[in-house]
Amino acid sequence: MHEENSRNLYDRALSVMPGGVNSAVRAAIEPYPFFVQRGDGGHVVDVDGNRYIDWVMGLGPLLLGHDLPQPVQSAVQTHASNGPMFGAPTEIEVEHAEFVTRHVPGVEMLRFVNSGTEATVSAVRLARAYTGRDKIVVMQGSYHGANDSTLVEGEGNHLHPSSPGIPDDFAEHTIAVPFNDHEAAHHVFEEHGDDIAGVLVEPILANYGIVTPTDEYHETLADLCDDHGSLLVFDEVITGFRVGGLQCAQGKFGIDPDLTTFGKIIGGGFPVGAIGGKAEILRHFTPSGDVFQAGTFSGHPVTMAAGLETLKFAAENDVYDHVDDLGDQLRRGLTELCADYAPEYTVTGTDSMFKVIFTREGPEDRSGQCKAGCKQRPDCPRYDYCPKDGGDVSDAETDRWRRIFWPKMREQGVFLSQNQFESQFVSHAHTEADVEETLEAYKEAL
Ligand SMILES: *Cc1c(COP(=O)(O)O)cnc(C)c1O
């Protein structure tokens, strides 16, 4: 495999960008990442001409793959040639917001921003302002972007910032509980209920190995929030318009959150974020309310055009059937391979997301186990072994995954996400042949 061009680029990059990258996870590949030259359907080609089946898909945004369908492409071009942005409103923002509010059950109003990080920062500010309380409950191992309020480590309310540069006092207002732990959630509300502005939760832990909720977990959170006057904030930056199709994960799980954050897919491959929710809460944002929120690029016409046309394309074509079906084939194939080659590993994911977690233990008798990704069924023989929260995922063989397994997949022309924790995504451009080739590669590498 040639890699001179990537090596040379990384050498240059190290001199001018910290770690040679603009987002940390890209440098997780050792000794250096490959640099992409272009995408092609469900594949990427690097600067040395190596071609990979791409299951990273921009780390989530690219529902349709790398080739924008004609309506998306022409909308992007039209809006770019009209002049990129104006600092004044445009029609396309209204259309996009109308589309999202029409399809997502918990969303009556929307404020667009430029990243998922911005969305969670603004949602936390809004929840605090609306309730007049400071404390935010998050899940251990969840990810809400580069948000000072949620970059915390530790347990319960003995937290400290997980990065230097964040004052210790910030962590005082954040409480972390293990995902899927009903008792811990009850306990935290018993102790701090009157001070909790909101619970910020990914409907599925999607940045930490893919952990699906156990039965009734979100109902427990919703009830606790209801009883204590706290807001339930669903972070659907990854799951939005990926899990559950156009109704998002909240529709699939039948939960009606007060606020929802979006990002990734709703920008059609361009930088985006959004805070949605009940109109009565959203109206507290400036200028209709007094909670400050603003952005030069927010509602960028090119992004809005790409996002809206992507979602319309998904609504009018068999996009979700296709990606969910291939996701199912991958998870089923991987479950069979793991049974033969690595019975202790757990296949996770749902809809068009998939991952193999290198868990260290599994059941002796696997008959009746989930066939297409862990569903957290109490009667599954894996139930006691499959990850329930972030701690279980970090106890897996993460070094083996990254240092041994990932390079072996790359050698075979399969691009997987850069570490054990990030999800992998099926796009509309992927084919059954891509699935078969990928399963062959897993067979070699497991
Ligand atoms: C990606 C992600 C974010 C951060 O979004 P950025 O656009 O990278 O700032 C926040 N929350 C979740 C659940 C995400 O997956």
Side-chain angles (χ1 to χ4, degrees), residues 21-28 56-63 104 111-127 136-152 162-163 174 176 179 198-213 218 221 232-244 248-250 253 255 257 259-277 295 297-300 303 306-307 348-355 389-390 393 417-425:
V21 289
N22 283 305
S23 189
V25 70
R26 296 174 203 171
V56 176
M57 282 294 150
L59 289 162
L62 304 177
L63 178 63
V104 187
R111 169 64 55 88
F112 284 109
V113 293
N114 305 289
S115 67
T117 296
E118 249 187 87
T120 65
V121 168
S122 296
V124 166
R125 185 182 307 142
L126 183 60
I136 296 291
V137 176
V138 298
M139 306 295 134
Q140 286 163 13
S142 63
Y143 181 66
H144 303 292
N147 177 339
D148 282 354
S149 291
T150 60
L151 289 174
V152 290
S162 61
S163 162
T174 307
F179 191 61
V199 176
L200 176 59
V201 58
E202 295 175 74
I204 294 173
L205 284 195
N207 289 278
Y208 222 71
I210 314 183
V211 182
T212 46
H218 289 306
L221 295 180
L232 179 64
V233 188
F234 258 28
D235 184 351
E236 294 229 41
V237 173
I238 275 196
T239 54
F241 298 97
R242 161 110 26 217
V243 173
C248 304
Q250 56 195 261
F253 295 147
I255 299 291
L259 294 176
T260 303
T261 54
F262 297 98
K264 301 199 168 114
I265 286 177
I266 62 157
F270 292 82
V272 80
I275 309 98
F297 289 108
S298 295
H300 194 286
T303 300
T348 61
T350 179
D351 299 60
S352 56
M353 296 166 58
F354 71 101
K355 194 82 179 178
D389 59 36
V393 178
S417 52
Q418 292 95 329
N419 60 38
Q420 168 78 95
F421 303 113
E422 311 280 339
S423 180
Q424 293 152 182
F425 303 96

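Start at 1 and go down the list; that is how both ligands and their atoms are numbered.
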Q: Could you check whether the rings of Tyr208 and Phe421 sit parallel, tilted or perpendicular, using 30° and 60° as the cut-offs?
A: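 Taking Phe421 first and then Tyr208, their aromatic rings lie parallel (interplane angle under 30°).
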
Q: Check whether any side-chain N or O of Gln250 sits under 3.5 Å from a backbone N or O of Pro257 as a donor-acceptor pair, and report yes or no.
A: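 No; zero donor-acceptor contacts below 3.5 Å.
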
Q: Quick one: which ligand 1 atoms are inside 4.0 Å of a heavy atom on Ser115?
A: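 In order of number, 7 (O), 9 (O).
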
Q: For ligand 1, which atoms sit closer than 4.0 Å to a heavy atom of His144?
A: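 Contacts of ligand 1 toward His144, numbered from 1: 10 (C), 11 (N).
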
Q: Are Leu62 and Phe425 close enough that some pair of their side-chain heavy atoms sits under 4.5 Å apart?
A: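 Result no, sub-4.5 Å side-chain heavy-atom pair not found.
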
Q: Would you say Gln418 and Leu59 make side-chain contact, with heavy atoms under 4.5 Å?
A: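 Yes, their side chains come closer than 4.5 Å.
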
Q: Return a yes/no value for Asn207: is any of its N or O atoms, backbone included, closer than 3.5 angstrom to an N or O of ligand 1?
A: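 Yes, since at least one N or O of Asn207 sits under 3.5 Å from an N or O of ligand 1.
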
Q: Looking only at protein heavy atoms, which one is nearest to atom 1 (C) of ligand 1, and what is the separation?
A: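 For atom 1 (C) of ligand 1, the nearest protein heavy atom comes out as Lys264 NZ, 1.6 Å.
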
Q: So, the side chain of Thr117 versus the backbone of Ala146: is there a donor-acceptor pair under 3.5 Å, distance only?
A: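 Yes, the answer is positive, given that a donor and an acceptor are paired below the 3.5 Å cut-off.
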
Q: Considering non-hydrogen atoms of the protein only, which is the closest contact for atom 3 (C) of ligand 1, and what is the distance?
A: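 Among all protein heavy atoms, the one nearest atom 3 (C) of ligand 1 is Val237 CG1, 3.7 Å.
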
Q: Give me the residue, atom name and distance of the protein heavy atom closest to atom 6 (P) of ligand 1.
A: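 Ranked first by proximity to atom 6 (P) of ligand 1 is Gly116 N, 3.4 Å.
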
Q: Can a donor-acceptor pair be found, under 3.5 Å and without considering hydrogens, that links the side chain of Thr348 to the backbone of Gly209?
A: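 Yes: the side chain of Thr348 pairs with the backbone of Gly209.
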
Q: Quick check on contacts: which atoms of ligand 1 are under 4.0 angstrom from a heavy atom of Glu202?
A: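 So the answer, numbered in order with elements, is 13 (C).
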
Q: With Thr174 as reference, evaluate Val124, Val137, Val152, Leu151 under the side-chain contact (heavy atoms from CB on, under 4.5 Å) test and give the passing residue.
A: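 Answer after filtering Val124, Val137, Val152, Leu151: Val152.
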
Q: When you measure from atom 11 (N) of ligand 1 to every protein heavy atom, which one gives the shortest distance, and what is it?
A: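 For atom 11 (N) of ligand 1, the nearest protein heavy atom is Asp235 OD2, 2.7 Å.
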
Q: Using a plain distance cutoff, I'd like to know if Thr117 has any nitrogen or oxygen under 3.5 Å from a nitrogen or oxygen of ligand 1.
A: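 Between Thr117 and ligand 1, an N or O pair is found under 3.5 Å apart.
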
